[in-house]
Visitor: 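Sharing a structure below in C-alpha cells format, with a few things to ask.
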Amino acid sequence: MSLKEWLNTKRNTCLNHVKEDKLKVPEGLWIKCHKCNLLMYYKTLAENYKICPKCEHHFPTTSEDRIKKLIDYNTWKPINKYLTSTDPLGFSDRKLYSKRLLDMKMKTGLFDAVQTGLGNIDNIPVALGIMDFRFMGGSMGSVVGEKITRLVEEATTKKIPVIIICASGGARMQEGMLSLMQMAKISSALEKHKQQKLPYFPVLTSPTTGGVTASFAMLGDIIIAEPNALIAFAGRRVIEQTIKEELPNNFQTSEYLFKHGFIDLIVSRINLKNKLHQILSFYYNY
C-alpha cells in the first residue's frame with residue numbers, strides 16, 4: 001500500500017468515527033433562538049432564566065421554574081394541588097376531552113393549567129398563582145377558575161397580597177359555559193379582596209389572551225408584563241377583518257400596550273422578583 005492510499009484509508013476511518021460520534025450526541029443539548037438565531041447550550045439558557053443572552057428573548061418556561069425563581073426556598077405551600085377537571089359535557093373533538101386531560105397530566109405532571117399556593121418573596125408573604133401554558137395552552141376551565149378563586153379568598157382571609165402569573169390561550173372550549181363563568185367568579189373574588197384594601201398584581205407573560213385578558217389579567221392594582229409578550233383578547237386577523245384596517249407590526253405586544261396605557265410596567269424575568277419585592281415593600285411600609 002502506497003503512502004497516499006494509507007493516508008486516504010486513515011482519513012476515511014476518521015470521518016466514519018466523526019459521523020458515528022455525531023449520531024451519538026444526545027438531543028436537547030443545544031437550542032436556537034428563533035429571534036436572533038443564536039445557538040446555545042440549553043443549560044446556559046436555563047441558568048439565564050430561559051432568556052436569550054444575546055437578544056433577551058423570553059423563552060416559555062414552566063410553573064415549577066417560576067416558583068423556584070420567585071419564591072423563597074422552602075416557603076412554598078401548594079393549595080388545592082390535586083384539584084382536577086372532569087368532563088361535564090362529555091366533549092370530544094379529535095379525541096375525548098377526558099382522554100386529553102389524562103394525556104396532559106401524564107405529559108406535564110400537573111393536574112390542571114394553574115398551580116396555586118402561599119409563599120414568601122424576600123420574606124414577604126404572598127398568595128401566588130402560576131398558569132402553565134403546557135397544559136392545554138393554559139386554558140381556563142372550571143378547575144383553573146376554582147383554584148384561582150380559592151387562592152384569592154385565602155389571601156383575603158390571611159390579609160396578604162395576590163400575584164397571578166398569566167399565560168393562557170383563553171377560556172377552555174371543552175367546558176363551554178362553565179369555563180366562561182370563571183371570568184365573573186374570579187373577578188368577584190378579586191373585588192372582595194380589593195374592598196379589604198389588599199393589593200393584587202397580575203404578571204402578563206406570552207401569551208395572555210382571550211377570557212383571561214378580559215377578566216383577572218387586567219384587574220390588577222399594578223399590571224406587569226414581560227418584554228415582547230403577546231397580550232390580546234381577539235386574534236390579530238379577526239380584528240383586522242372587523243375594522244377593515246391594517247394594524248401596526250407591534251400591535252398586541254406588551255410594549256404597544258405600555259405605550260397606550262394598558263399596562264404599568266415591563267419587567268424582565270430576571271428582575272421580576274426584585275421588582276415585586278420593591279412593590280410589596282411599598283405596600284407594607286405604607
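Since we're looking at a predicted model, the values are computed, not measured.
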Visitor: Using modelled atom types and a 3.5 Å cut-off, is there a donor and acceptor pairing between side-chain atoms of N80 and backbone atoms of K147?
Guide: no
Visitor: Counting only heavy atoms not in N37, do more than 12 sit closer than 6.0 Å to its CG atom?
Guide: yes
Visitor: Transitively linked via ILVMFWY side-chain contacts under 4.5 Å: I224 with L70?
Guide: yes
Visitor: Can any side-chain N or O of T242 pair as donor or acceptor with the backbone N or O of V238 at less than 3.5 Å?
Guide: yes
Visitor: How close do I223 and A217 get, heavy atom to heavy atom, and via which atoms?
Guide: CG2-O, 4.0 Å
Visitor: Would you mind reporting whether K159 and L198 have side-chain heavy atoms less than 4.5 Å apart?
Guide: yes
Visitor: So with a 6.0 Å cut-off around CZ of F91, is the heavy-atom count from everything else above 12?
Guide: yes
Visitor: Using only heavy-atom distances, determine whether the side chains of S63 and D132 contain a donor-acceptor pair under 3.5 Å.
Guide: yes
Visitor: For D264 versus F258, what's the shortest heavy-atom pair and its separation?
Guide: O-CE1, 3.2 Å
Visitor: Would you sort out whether R66 and T205 count as a side-chain contact (heavy atoms from CB on, under 4.5 Å), showing the intermediate values?
Guide: CA-CA 12 Å; R66 291 191 183 276; T205 71; 3.5 Å; yes
Visitor: Do the non-hydrogen side-chain atoms of L101 and Q174 ever get within less than 4.5 Å of each other?
Guide: no
Visitor: Looking only at non-hydrogen atoms, find the nearest pair between F133 and G169 and report the distance.
Guide: CE1-N, 3.9 Å
Visitor: Does the distance from a Lys or Arg side-chain N to an Asp or Glu carboxylate O, for K259 and E255, drop under 4.0 Å?
Guide: no
Visitor: Whether the side chain of T75 engages the backbone of N120 through a donor-acceptor N/O pair (distance < 3.5 Å, no angle test) should be reported.
Guide: yes
Visitor: Indicate yes or no: at least one non-hydrogen side-chain atom of R134 is less than 4.5 angstrom from one of L110.
Guide: yes
Visitor: With the side chain counted from C-beta on, respond yes when I51 and F59 share a heavy-atom pair under 4.5 Å apart, and no when they do not.
Guide: no
Visitor: Any Lys/Arg nitrogen of K273 or D72 sitting under 4.0 Å from an Asp/Glu carboxylate oxygen of the other?
Guide: yes
Visitor: Measuring only between side-chain heavy atoms, which start at C-beta, is H34 closer than 4.5 Å to H57?
Guide: yes
Visitor: Given the rule in the salt bridge (charged side-chain N to carboxylate O under 4.0 Å, His left out) test, do D103 and K107 qualify, once you have shown the distances and angles that lead to the verdict?
Guide: CA-CA 6 Å; D103 290 347; K107 183 178 179 180; over 6 Å; no
Visitor: Which atoms form the tightest heavy-atom contact between L280 and F201, and what is the distance?
Guide: CD2-CE1, 3.7 Å
Visitor: Using the side-chain hydrogen bond (donor to acceptor under 3.5 Å, both in side chains) rule, take Q195 and K192 through it: C-alpha gap first, then chi angles, then the decisive distance, then the call.
Guide: CA-CA 5 Å; Q195 288 173 1; K192 292 178 182 177; over 6 Å; no
Visitor: Any side-chain heavy atom of E56 sitting closer than 4.5 Å to one from P227?
Guide: no
Visitor: Over all heavy atoms of both residues, which pair between T213 and A232 is shortest? Give the atoms and the distance, please.
Guide: OG1-O, 2.8 Å
Visitor: Run L265 and K275 through side-chain contact (heavy atoms from CB on, under 4.5 Å) and show every step you take.
Guide: CA-CA 10 Å; L265 291 171; K275 181 58 68 175; 4.3 Å; yes
Visitor: Consider side-chain contact (heavy atoms from CB on, under 4.5 Å). Of L180, V144, L178, which one does R172 pass it with?
Guide: V144
Visitor: Using side-chain hydrogen bond (donor to acceptor under 3.5 Å, both in side chains), reason through Y42 and K50 one step at a time and then give a plain yes or no.
Guide: CA-CA 9 Å; Y42 185 83; K50 293 189 178 176; 3.3 Å; yes
Visitor: Quick one: does S254's side chain have a donor or acceptor within less than 3.5 Å of a partner on N228's backbone?
Guide: yes
Visitor: With a sphere of 6.0 Å drawn around NZ of K105, does it hold more than 12 non-hydrogen atoms of other residues, nucleotides or ligands?
Guide: yes
Visitor: Run the salt bridge (charged side-chain N to carboxylate O under 4.0 Å, His left out) test on E154 and K158 for me, step by step, so that the C-alpha distance in whole Å, both residues' side-chain angles and the decisive distance to 0.1 Å come before the verdict.
Guide: CA-CA 6 Å; E154 182 77 9; K158 292 184 177 296; 3.6 Å; yes
Visitor: Could you check whether any side-chain N or O of Y200 sits under 3.5 Å from a backbone N or O of V152, counting only pairs where one atom can act as donor and the other as acceptor?
Guide: no
Visitor: Run I239 and F251 through side-chain contact (heavy atoms from CB on, under 4.5 Å) and show every step you take.
Guide: CA-CA 11 Å; I239 298 172; F251 183 68; 3.8 Å; yes
Visitor: Does T149 reach the main-chain N or O of G145 with its side chain, forming a donor-acceptor pair under 3.5 Å?
Guide: yes
Visitor: Between R150 and E146, does any NZ, NE, NH1 or NH2 come within less than 4.0 Å of an OD or OE carboxylate oxygen?
Guide: yes
Visitor: I'd like to know if K69 and D65 make a salt bridge, using a cut-off of under 4.0 Å between side-chain N and carboxylate O.
Guide: no
Visitor: Could you go step by step and tell me if I79 and L118 meet the side-chain contact (heavy atoms from CB on, under 4.5 Å) rule?
Guide: CA-CA 7 Å; I79 297 176; L118 306 177; 3.7 Å; yes
Visitor: If you compare all heavy atoms of H193 against all heavy atoms of A155, which two are closest, and at what distance to 0.1 Å?
Guide: CE1-CB, 3.8 Å
Visitor: Is there a chain of hydrophobic side chains (I, L, V, M, F, W, Y, each step under 4.5 Å between heavy atoms) that links M131 to I165?
Guide: no
Visitor: Does I163 belong to the same Ile/Leu/Val/Met/Phe/Trp/Tyr cluster as I222, with side-chain heavy atoms less than 4.5 Å apart forming each link?
Guide: yes
Visitor: If we only count heavy atoms from C-beta on, is the H277 to I124 side-chain gap below 4.5 Å?
Guide: yes
Visitor: I'd like to know if V114 and M181 are part of one continuous hydrophobic network [Ile/Leu/Val/Met/Phe/Trp/Tyr, side-chain heavy atoms within less than 4.5 Å].
Guide: yes
Visitor: Are any non-hydrogen side-chain atoms of S179 and S142 less than 4.5 angstrom apart?
Guide: no
Visitor: Enter the distance from C33:SG to L45:CG here, rounded to the nearest 0.5 Å.
Guide: 8.5 Å
Visitor: Check for me, please, whether I121 and I164 land in the same ILVMFWY cluster - side-chain distances under 4.5 Å, paths through other members count.
Guide: no
Visitor: Is there a donor in the side chain of S85 and an acceptor in the side chain of D112, or the other way round, less than 3.5 Å apart?
Guide: yes
